Amino acid sequence: MKSYHLTTFGCQMNEHDSERMKGMLESLGYGEAGSREEADLILFNTCSIRESADSRLVGHLGEAKRLKGEDPSRVVGVGGCWSQSMKERVFQQFPFVDVAFGPGQVHRLAEFLTSDSLTAQGFFEFEGFTGHLPMKRTREFQGWVQISVGCNCACAYCIVPSTRGREVSRPADELVAEVARLAADGVREVTLLGQNVNSYGRDLPKGQKVTFAELLAMVDAVEGIERVRYTSPHPKDMREAVIRAHAELPSVCEHIHLPLQSGSSRVLKAMRRTYDRGRYMDRVQMIREIVPDCAITTDIIVGFPGETEAEFDETLEVVEEVRYDSAFTFVFSPRRGTTAADLADPIPHSVKRPRMERLVEAVQRIAAERSQRFVGRSMEVLVEGPSRTDPARLRGRIRHNKTVNFAPDAARPAKPGELVEVEIVSATSTTLAGEELISTVA
Ligand code: 5AD
Ligand code: SF4
């Protein structure tokens, strides 16, 4: 039997594409190898969101080159966003690569592997959903569902529209059928994936149009699905009906990831985000009114070209006003082919670094304060497995997406995939600690 080794970089969309790649390879008779040395096929599913993602990959490719040198019959394949953004240049810069393909061409990998082709090949059309391929799920009780691919936004910093193409939604009935299959297979939590989930359905043909809020209701109605999450929405398309779904649909979790990027309306405009600080704060206020206990998380970019000290302070103000449960913070990184890469007035590292430090301080301080609201409460936890630090304890997540480590009920320890009630006894910015309440297993 031939074997493969796959390394995945990047976001949940990529992790899910990798589940499809694995499913497809296993249907071709490939088995998963424990290491690259043992593999006949060395694969990478790549990301290109920031420069750091590129440099990490190049290190790994060095190892693939060495292994290919040792055994030239090995096949080296590179898929995903970095591959797409490099296209044919992959083969010039990395001549040991046999096959390269973009996120829309995963199915072509099978074609390449089953042909007798000896020459390097690249596949970079935007055509396919990995959603139609077989899948090998990483997590037993949690599943990803790709509701759309691509993105019609034109955010000045972002490479994704060029790596994943125009937005294409999958028909709702197909998605509901997929969720039902996952539920029948034991999945209790699904995460709906799209580059801009709340513009879902606008491109569907007349008669098949379904809004994102309607899709949430259809997924909520699937028997056996206890929790529904999604990522990421765009603040410009965040409608009241979607926010209401968090309050009204039992399985839609009390967590909204609402990427801010900057708190300055001037910078948002330069980023081409098409909302301003006021509109963003409106959405936050609506969330707070309709779903008072909702966790709100975000993404923030520091040091976009031209960002002044006063504009950065506006980002800090929004962070203090919103009080995020957590935030991913990024230093701006110019990406090939994006408009921001050519903007004048790049911010030097010596300015970006202290801004980042101030931002991280605020984010962590507020996250730690926000976490305290769970202490003393009994929270529903979906058990994921043993705690990473103490095997006598269990680990899981609350609906607000915070990780909890807890002491199990000694008489009947809960199993992964079960929902239990845990009393929270302490909290840090990132994790909660607690004790399972006796016989709560659902
Ligand atoms: N530089 C820094 N951060 C970026 N992101 C996207 N593109 C860039 C870039 N060029 C961040 C955004 C986005 C998250 C996934 O990555 O904050 O929401
Ligand atoms: Fe995901 Fe974006 Fe990275 Fe592509 S570039 S893998 S869409 S984070």
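Note that the structure is predicted; figures quoted are calculated from it, not measured. Whatever order the structure lists them in is the order used to number ligands and atoms, beginning at 1. Position 1 is the first residue of the sequence, and the numbers go up from there. Heavy atoms only: backbone and side chains are in, while hydrogens, waters and symmetry mates are out.
Taking the six-membered ring for Trp, Phe94 and Trp82 have ring centres closer than 6.0 Å.
Ring planes of His257 and His255: perpendicular class, angle over 60° (limits at 30 and 60°). Note: Phe9 and Phe44 have parallel aromatic rings, judged against thresholds of 30 and 60 degrees for the angle between ring planes.
With ligand atoms numbered from 1 in the order given, ligand 1 contributes 3 (N), 4 (C), 5 (N), 12 (C), 17 (O) to contacts under 4.0 Å with heavy atoms of Ile301. Using a 4.0 Å cut-off to heavy atoms of Phe332, the atoms of ligand 1 that qualify are 1 (N), 2 (C). For ligand 1, the atoms closer than 4.0 angstrom to any heavy atom of Arg50 are 1 (N), 2 (C), 3 (N), 4 (C), 5 (N), 11 (C), 16 (O). Ligand 1 places these atoms under 4.0 Å from at least one heavy atom of Gln261: 12 (C), 13 (C), 17 (O), 18 (O).
At a 4.0 Å cut-off, not a single heavy atom of Ile159 sits close enough to ligand 1 to count as contact.
For atom 13 (C) of ligand 1, the choice among Thr231, Asp299, Ile49 with the nearest heavy atom turns out to be Asp299.
The shortest N or O to N or O distance between Arg335 and ligand 1 is not below 3.5 Å.
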(request) Please test Met379 against Val422 for side chain to side chain contact (heavy atoms under 4.5 Å, CB included), starting from the C-alpha separation and ending with a verdict. (result) CA-CA 5 Å; Met379 304 299 293; Val422 172; 5.5 Å; no

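Partners of Tyr230 under the ring pair (Phe, Tyr, Trp, His ring centres under 6.0 Å) rule, at least two apart in sequence or in another chain, are Phe212, His246.
Residue-level proximity to ligand 1 for Phe330 is carried by the side chain, the only part with a heavy atom below 4.0 angstrom.
Cation-pi contact between Arg137 and Trp144: absent, since separation from the ring centre below 6.0 Å together with deviation from the ring axis within 45° is not met.
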